[in-house]
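One structure is given below, encoded as structure tokens.
Numbered from 1 within each chain, the chains take letters A, B, ... in sequence-line order.
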Protein chains: 2
Amino acid sequence: MVKRTSFEGDGCPVARALEAIGDWWSLLIIREALLGVRRFGEFQSKLGMAKNILSVRLRSMVDHGILAMAPASDGSAYQEYVLTPKGRGLFPILVALRQWSEEFDDHPEQIATILVDRAKGRPVKKLEMHAEDGRLLAQGDTMLKPRPAPRRRSA
Amino acid sequence: MVKRTSFEGDGCPVARALEAIGDWWSLLIIREALLGVRRFGEFQSKLGMAKNILSVRLRSMVDHGILAMAPASDGSAYQEYVLTPKGRGLFPILVALRQWSEEFDDHPEQIATILVDRAKGRPVKKLEMHAEDGRLLAQGDTMLKPRPAPRRRSA
DNA sequence: CTAAATGGTTTTATGATGCAACCACACAAG
DNA sequence: CTTGTGTGGTTGCATCATAAAACCATTTAG
């Protein structure tokens with residue numbers, strides 16, 4: 001098999017996430033969906049992508065439980081693609097990608113939009129990672145541990 | 001041209017980030033690099049990926065300023081791939097991907113590792129987004145604004 | 001009823017990926 | 001110096017994914 005290697009059985013949660021949304025288009029589709037896009041044609045025209053690819057990606061994300069097909073919202077008999085909670089949970093990933101570009105892009109003047117606090121219109125701060133007790137953590141303050149064995153009901 | 005569409009000129013910072021690290025392997029290479037992997041062979045054996053693909057990806061990330069080639073760290077005359085600050089800046093993206101899997105994966109029992117606070121050994125909290133004044137923000141509390149025009153020196 | 005827009009699928013061409021084989025260089029032993 | 005081995009790649013196919021365009025069914029507009 002020369003198939004694209006799948007990470008489905010991999011124990012790394014990063015790989016498992018990439019298995020679902022690690023392709024070239026999925027996160028951009030999610031970006032549009034978070035902005036309120038729901039219709040096939042609207043995704044296609046805003047992203048400028050081929051319709052067959054869009055079709056495959058939408059179906060894949062529906063299979064992964066990221067999007068769901070809803071019968072309609074206006075009167076029309078067409079269907080819509082709406083984000084599930086799992087899909088909306090991708091928002092921090094998009095924010096992290098955005099902030100990385102804002103901080104490190106070689107041509108920041110080409111970045112067209114900024115994410116702001118709706119109430120004040122001011123840019124949001126960088127994502128922060130905290131410990132249970134509230135301490136701010138950097139990468140060096142963390143480590144990976146094997147997942148504790150699933151607790152089995154003791155007879 | 002049937003080339004894979006490039007997002008290089010796109011104004012969306014998410015698309016610009018994906019242009020650099022949006023392929024199938026790059027983020028996994030970064031994951032290993034953050035864990036201390038530096039040598040070609042070590043990447044190749046840990047990730048189980050084809051050497052030609054690894055070669056292309058490493059070169060691409062060097063070109064993007066995410067990795068740099070360093071002459072050696074032990075005595076050998078070989079080279080090493082080390083993360084630049086731009087590369088280390090990808091850490092929040094990996095954390096976001098990991099936390100998304102932890103929260104939404106359909107088979108969480110297959111997830112092998114958890115990210116913990118090194119000091120206490122306790123799991124880290126979810127990434128948080130805050131406003132300038134410190135308020136915790138959810139997706140609905142934010143919006144996109146066009147980037148302000150670059151301020152030009154007034155004569 | 002007819003026409004056009006919507007929401008796709010099919011067809012075909014090409015780029016990307018995966019695997020295996022091959023090769024160049026470093027380094028160590030004899 | 002010569003041989004041998006490990007590292008760090010490159011090259012050559014075979015296959016898969018992607019892109020563009022054509023095609024089609026259904027829905028909506030007129």
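For A:W25, a side-chain nitrogen or oxygen approaches OP1 or OP2 of D:dA19 to under 4.0 Å. Listed pair B:R59 / D:dG9 fails the phosphate criterion, with no side-chain N or O lying under 4.0 Å from OP1 or OP2. Applying the 4.0 Å criterion to OP1 and OP2 of D:dA17, one finds that A:R57 has every side-chain N and O outside that range. Residue B:R39 places at least one side-chain N or O under 4.0 Å from the OP1 or OP2 atom of D:dG8. Close to C:dA16, at under 4.0 Å from its OP1 or OP2, lies no side-chain N or O of A:W24. Considering only side-chain N and O atoms, A:S76 lies nowhere under 4.0 angstrom from the phosphate OP1 or OP2 of C:dT6. Contact annotation: B:S55 reaches the phosphate of D:dT10 (side-chain N/O to OP1 or OP2, under 4.0 Å).
Ranked by how close their nearest DNA chain D nucleotide is to the 5' end, A:M49 and A:Y78 are led by A:M49. Along DNA chain D, the nucleotide closest to B:Y81 and the one closest to B:N52 are compared, and the more 5′ of them pairs with B:Y81.
If you measure from atom CZ of B:F40 to atom P of D:dG8, you get 8 Å, rounded to the nearest angstrom. Rounded to whole Å, atom P of C:dT6 lies 14 Å from atom NZ of A:K46. Atom CG in A:L54 sits roughly 16 Å away from atom C1' in C:dT10 (whole-Å rounding).
One hydrophobic cluster, built from ILVMFWY side chains closer than 4.5 Å, holds both B:L54 and A:L18.
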Dump the intermediate steps for side chain to side chain donor-acceptor pair (under 3.5 Å) on A:R16 and B:Q110, then the final yes or no.
CA-CA 10 Å; A:R16 296 172 74 81; B:Q110 294 178 8; 3.0 Å; yes

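At the heavy-atom level, A:A77 lies under 4.0 Å from the strands shown only through sugar-phosphate atoms.
Within 6.0 Å of atom CZ in B:R122, 12 or fewer heavy atoms from other residues, nucleotides or ligands are found, so the atom counts as exposed in its surroundings.
If you check D:dT18, D:dA20, C:dG18 against the side chain of A:A50, the one that comes closest is D:dA20. Residue A:T5 places its side chain closer to C:dG18 than to any other of C:dA21, C:dG18, D:dA19.
A donor-acceptor contact shorter than 3.5 Å links the side chain of A:R147 to the backbone of B:I111.
In this structure, A:F7 has its ring center closer than 6.0 angstrom to the ring center of B:W25.
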